[in-house]
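Here is the structure we will look at.
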Amino acid sequence: AAWNHRAAPFADGRCLHQLFEDCAALHPRHTALLMGDDSLDYATLEARSNAWAQRLQQAGVGPEVCVGLCLPRSMALVVVMLGILKAGGAFLPLDPSYPQERLDHMVADAGIRHLVTDADLAPRFAPAQAAGLQLLDVSQAPPPAARPACAATAASLAYVIYTSGSTGRPKGVLVPHRGWCNVAQAQQDVFGLGPGLRVLQFASASFDACAFEVAMALASGGTLVLASREDLMPGPALAGLLRRQRVNVVTLPPTALAALPAPSPAGAPVAAADYPDLHLVTVAGEACPLALVEQWAAPGRRFFNLYGPTEATIWSSVAECQAGDTQPPPIGVPVPNTRLHVLDAQRQPLPWGMPGELWIGGVGVARGYHARPALDAERFVPDPWSPGPAAGERLYRSGDIVRLDAAGQLQFLGRSDHQVKLRGFRIELGEIDALIREQPEVAEALVTVHRQPDGEPSLAAYVSPRPGTAVDADRLRAALRERLPAHMVPAWIVVLAQFPLLANGKIDRHRLPDPQRHAARPAGEEGPRSALEQTIAAAWAEVLQTGLPERHQNFFDVGGHSIKLAQVHARLKDALPPAQGQALTLVELFQHPTVAALAGFLATRGQGPGRAAPETAPVRPARPDAARLAALAQRQRAARGAP
């Protein structure tokens with residue numbers, strides 16, 4: 001197993017915030033955080049985070065104490081994050097966009113006693129506060145202070161990330177400083193990072209990709225570029241942000257990178273001149289198509305494909321990709337101080353070319369799951385190949401199937417279980433299955449991944465009712481939205497009288513109907529009425545690669561998601577009259593997710609109170625040409641099974 005071992009020196013024995021403190025001492029006047037026109041230099045960020053560290057220590061925070069962090073994207077979030085680390089504690093990020101039940105579970109499961117939030121979000125945690133949770137208001141920032149003493153060590157807990165769980169509940173991964181520091185050093189070694197580089201902060205704080213971005217910038221003397229959710233929407237908004245803020249480094253899911261505006265003609269390489277400051281592109285979170293490498297690996301810009309689970313501290317392997325490559329991008333070779341093993345079912349090493357399960361060892365292996373000893377015993381096992389003084393370390397069983405090719409690169413082949421990656425999100429299908437089965441009218445449920453016409457994967461749920469009951473797809477979807485993040489709610493729900501079965505009694509997945517043709521539709525369905533509705537519907541259909549939608553269908557119930565909504569936004573800005581299209585925002589599209597609702601909103605915009613026009617007002621925006629409408633109609637007939 002020594003063929004996949006790679007060792008390199010790193011700042012072992014240190015904590016991540018100490019690497020930031022080194023940069024603050026060396027580059028006190030360099031910009032550390034940038035958001036819009038506002039910025040903080042390293043000296044100011046150091047002082048403000050020190051003040052939060054003192055305040056948190058006074059509240060009882062120290063090593064192994066986990067602090068909740070529920071804030072919108074802002075510089076304050078990073079300030080408090082560093083303050084928690086400097087106090088010796090660990091942070092638990094809580095995404096404000098998550099359903100309340102999921103946030104409540106994470107707070108209770110982690111057993112946190114302190115939570116930093118703001119006045120708008122604080123009411124969501126009132127029940128937990130009544131039970132003893134201490135809320136700290138981020139607006140009541142303490143005055144800048146000197147650095148307090150910190151008792152945390154490299155073995156201390158740095159953060160807790162909750163990932164999807166197959167039992168129906170998310171599980172918390174416990175990550176110490178040691179692996180995070182190794183990530184920071186590996187980033188500098190592999191990517192050639194240095195002071196002054198502008199690194200985009202794209203990922204939600206609830207995903208470990210955010211910790212990757214924070215380390216990339218603040219442990220190397222760079223600038224972490226923050227932005228609002230709307231400015232980060234893949235498409236024209238994100239492209240404008242990259243150019244406006246002169247971003248040098250991005251880490252994106254391939255789906256998000258593919259949504260950035262491409263030069264004309266479509267599919268041509270994105271030259272350095274198109275994004276003159278973007279020198280380093282890394283992709284992670286899902287399989288990277290070869291076409292994306294051809295587009296973005298331009299002269300003057302390096303392109304890397306990254307791989308790594310949260311349980312191995314973000315990042316385990318890397319492959320640098322070049323324009324002209326003829327094979328799908330591999331997941332590459334181990335990052336420094338990481339050991340990768342391809343093992344068979346008996347945990348014996350396999351030779352190159354043979355597919356097997358990937359097991360990960362080295363300094364990045366996490367401590368385990370919070371309060372899940374049985375799962376720890378299954379996924380974290382003693383490492384029989386620990387070299388020398390590292391004896392007694394553990395391997396993490398990833399569940400990913402890979403093979404080592406003749407060039408010494410790992411190729412990703414798939415999963416050994418029902419975990420999937422969609423648009424960079426890690427999803428356990430079993431978690432969704434379990435929640436659906438909790439509904440009293442559901443007898444059986446199965447969630448699968450369905451490929452849309454454009455090749456993009458989406459979730460489809462098949463359900464069968466209990467005898468004497470009926471499944472209301474709209475009510476079921478609403479129940480799931482109350483408990484799951486948006487990226488885990490199935491795009492389609494198909495109600496079956498009974499599941500097709502194999503001879504052994506298991507579900508025959510190959511005989512499940514196409515969800516786009518058989519998904520439950522809203523009651524009283526009807527097509528677009530007015531010219532305005534037809535224009536909106538045509539934009540939907542082009543992006544979703546379907547026929548014209550019904551006027552009351554929800555965009556997110558027919559395969560739509562935030563990236564596709566950004567693409568609809570770009571099309572509508574061109575297709576609608578300037579007074580409507582140029583004023584339309586992404587937030588308004590989220591707020592009006594049906595054709596009828598958006599048309600009604602646009603028709604009444606600017607008319608003033610009491611002058612609302614009917615939703616079928618004969619507004620005459622720019623119409624799709626005849627060829628496009630004919631193609632859309634043909635797709636619609638095909639979707640319904642018509643000749």
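Just the heavy atoms: all of them, side chains too, but no hydrogens, waters or symmetry mates, feed the values below. What you see is a predicted model, and the numbers here were worked out from it, not measured in a lab.
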* **Short side-chain donor-acceptor distance under 3.5 Å, N50 and Q54** => no

* D41 and T31: side-chain donor and acceptor closer than 3.5 Å? -> no

* **Exam field: side chain H569 to backbone L565, donor-acceptor pair closer than 3.5 Å** => no

* Asked: Is there a side-chain contact between E311 and F380, using heavy atoms and a 4.5 Å cut-off?
  -> yes

* To do: Assess whether salt bridge (Lys or Arg N to Asp or Glu O under 4.0 Å) is satisfied between E21 and R14, documenting all intermediate values.
  => CA-CA 11 Å; E21 291 166 354; R14 309 199 69 201; 5.8 Å; no

* **Heavy-atom side-chain contact between L197 and T223 under 4.5 Å** => no

* With sequence neighbours left out, write down each residue that passes ring pair (Phe, Tyr, Trp, His ring centres under 6.0 Å) with F212, or none if nothing qualifies. => W315

* Hey, are the side chains of Y162 and L92 touching, using non-hydrogen atoms and a 4.5 Å cut-off? -> yes

* To do: Tell me, please, which residues at least two apart from H114 pass ring pair (Phe, Tyr, Trp, His ring centres under 6.0 Å).
  => none

* ring pair (Phe, Tyr, Trp, His ring centres under 6.0 Å) partners of H279, counting only residues at least two apart -> none

* Structure fact -> Test side-chain hydrogen bond (donor to acceptor under 3.5 Å, both in side chains), reference R483, set H105, E438, E431, output is E438

* Pairwise side-chain contact, R477 with V489, heavy-atom cut-off 4.5 Å (strictly under) -> yes

* Asked: In terms of side-chain heavy atoms, does Q18 have a donor or acceptor partner in D22 at a distance below 3.5 Å?
  -> no

* What residues form a ring pair (Phe, Tyr, Trp, His ring centres under 6.0 Å) with F202, not counting sequence neighbours? -> none

* Structure fact -> Residue set satisfying side chain to side chain contact (heavy atoms under 4.5 Å, CB included) with E286, at least two apart, ordered chain then number -> P253, P254, T255, K421

* Inter- and intrachain pairs under ring-ring contact (aromatic ring centres under 6.0 Å, His included), touching residues 23-43, at least two apart -> F20-Y42, H27-H30

* Does a donor on one side chain sit under 3.5 Å from an acceptor on the other, for N337 and N182? -> yes

* Quick one: is the NZ or CZ of R243 closer than 6.0 Å to the six-membered ring centre of Y275, and within 45° of its axis? -> yes

